[in-house]
Amino acid sequence: MFVADRADEPGADRLPALLRRTVDGTVREVARVEAKGVRSVLLFGIPTRKDPEGSGAWDPEGPVPRAIRAIKAGHPEVTVLADVCLCEYTDHGHCGVVVGGRVDNDRTLPSLGRTAVAYAEAGADLVAPSAMMDHQVRTIRSALDRAGYPDVGILAYAAKFSSGFYGPFRDAAGSAPAFGDRRAYQMDYRNRREALRELALDAEEGADLLMVKPALPYLDVIAAARERFDLPIAAYQVSGEYAMIEAAAARGWLDREAAARETLAAIHRAGADVILTYFAGDLDPSTEGAR
Ligand code: PBG
């Protein structure tokens with residue numbers, strides 16, 4: 001869910017699950033999906049003001065901390081995850097601090113730690129670092145422990161590929177890079193062994209769940225991860241995967257429900273224990289096949 005100070009207008013040219021909502025609108029949406037059986041939500045924030053450092057990410061009055069507090073107050077049973085990245089908060093749209101035209105991995109780490117602590121303070125159950133900086137899991141784990149949040153877990157975007165499927169997300173989050181691309185920190189999709197090495201590093205650094213992202217084009221990586229690691233494996237069916245089905249269904253070319261369910265079943269069959277999907281609030285879990 002995308003939390004912003006200003007919501008999209010009704011009828012905005014955006015897919016329903018990618019709509020920007022205010023804190024109040026987010027709480028209403030949580031109530032709606034909770035009634036449908038959804039037990040966890042992942043939050044992304046869209047700040048009003050961006051700067052080179054991405055300092056809005058750790059502002060306790062930013063959209064994400066405010067939404068976490070409001071959700072926890074009204075819906076304490078819902079597990080709240082907060083994405084930890086700087087790209088929504090930097091004016092250049094990169095996931096880290098830029099020095100001399102390049103993303104500086106090590107200068108970014110303290111900001112990620114600080115952001116995770118701000119979300120833990122607000123009441124997040126898990127944080128989900130997605131910046132793909134080396135050692136982000138270790139940095140966040142120790143920042144959380146030092147701040148007194150040893151029970152806040154980490155869902156690590158461990159194998160996150162530099163993908164053509166993030167377009168609708170970047171549009172919703174306003175986080176497309178202003179120059180260059182993310183290939184220096186996200187992974188080369190031709191390289192499966194590197195993906196497994198990234199997963200192993202995050203496991204060693206203290207991740208509680210390991211995520212592969214995107215999902216459907218990477219079923220082989222999900223299957224390999226399930227074989228190799230004991231941790232729960234998560235898979236993120238990203239915005240472009242969702243948009244493909246929605247767009248084809250809108251033209252009458254695909255049966256939306258059938259196609260969505262088949263992809264989710266495939267991701268599960270490949271070995272994902274947890275699936276993050278924009279269809280979560282839409283598919284009726286009581287229907288046959290949904291689980
Ligand atoms: C932030 C982030 C991205 C996504 C999740 N966290 C965008 C990106 O890496 O550009 C993409 C999710 C989606 O496409 O649904 N770094």
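Counting starts at 1 for both ligands and their atoms, in listed order. For clarity, every value in this text was computed on a predicted model and none was experimentally measured.
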Q | Plane angle bin for F44 and F169 - parallel if under 30°, tilted between 30 and 60°, otherwise perpendicular | A | perpendicular

Q: Among all protein heavy atoms, pick out the one at the shortest distance from atom 14 (O) of ligand 1; state its residue, atom name and that distance to 0.1 Å.
A: S239 OG, 2.7 Å

Q) Within less than 4.0 angstrom of ligand 1, does Q237 place any heavy atom? A) no

Q) Is S175 in polar range of ligand 1, meaning some N or O pair under 3.5 Å apart? A) no

Q: Between Y236 and ligand 1, find which residue part has any heavy-atom pair under 4.0 Å and reply side chain, backbone, both or neither.
A: side chain

Q) Any salt bridge between D91 and R49, counting N to O under 4.0 Å? A) no

Q: Answer with yes or no whether E241 contacts ligand 1, where contact means a heavy atom under 4.0 Å from a ligand atom.
A: no

Q.
Does the Lys NZ or Arg CZ of K160 fall within the cation-pi geometry relative to Y166 - under 6.0 Å from the ring centre and within 45° of the axis?
A. yes

Q.
More than 12 heavy atoms of other residues, nucleotides or ligands under 6.0 Å from CD of E121: yes or no?
A. yes

**Q.** Distance (rounded to the nearest 0.5 Å) between L109 CG and D134 CG
**A.** 8.0 Å

Which pairs of donor and acceptor atoms, one on a side chain in residues 198-225, lie under 3.5 Å apart (sequence neighbours left out)?
from : atom 1 : to   : atom 2 : distance (Å)
E205 : OE1    : V137 : N      : 3.4
E205 : OE1    : R138 : N      : 2.9
E205 : OE2    : H135 : ND1    : 2.9
D208 : OD2    : I154 : N      : 2.8

Q. Hey, what do you get for CD (E257) to CZ (F279), rounding to the nearest 0.5 Å?
A. 9.0 Å

Q: May I ask you to check if ligand 1 and Q186 share an N or O to N or O distance below 3.5 Å?
A: yes

**Q.** Atoms in ligand 1 flagged as close to C87, the criterion being non-hydrogen separation under 4.0 Å
**A.** 1 (C), 16 (N)

Q.
Can you confirm whether or not the ring centre of F161 sits under 6.0 Å from the ring centre of Y189?
A. no

Q.
How about CZ on R102, more than 12 heavy atoms from neighbouring residues, nucleotides or ligands closer than 6.0 Å, or not?
A. no

Q | Nearest-contact summary for atom 10 (O) of ligand 1 - protein heavy atom, Å | A | R170 NE, 2.5 Å

**Q.** Within-shell test, F44 vs ligand 1, heavy atom, strictly < 4.0 Å
**A.** yes

Q) Relative to the heavy atoms of C85, which atoms of ligand 1 are at a distance of less than 4.0 Å? A) 1 (C), 16 (N)

Q: Pull out every atom of ligand 1 sitting under 4.0 Å from any heavy atom of C95, numbered as shown with elements.
A: 16 (N)

Q) Looking at ligand 1, does M132 have a heavy atom less than 4.0 Å from it? A) no

Q: Could you tell me which atoms of ligand 1, counted from 1 in the order shown, lie closer than 4.0 angstrom to a heavy atom of K160?
A: 1 (C), 2 (C), 3 (C), 6 (N), 8 (C), 9 (O), 16 (N)

Q.
Need the ligand 1 atom indices (1-based, order shown) with element for anything under 4.0 Å from a heavy-atom of K213.
A. 2 (C), 3 (C), 4 (C), 5 (C), 6 (N), 11 (C), 12 (C)

**Q.** Minimum-distance protein heavy atom relative to atom 1 (C) of ligand 1
**A.** S130 OG, 3.3 Å

Q | Short side-chain donor-acceptor distance under 3.5 Å, Q237 and T263 | A | yes

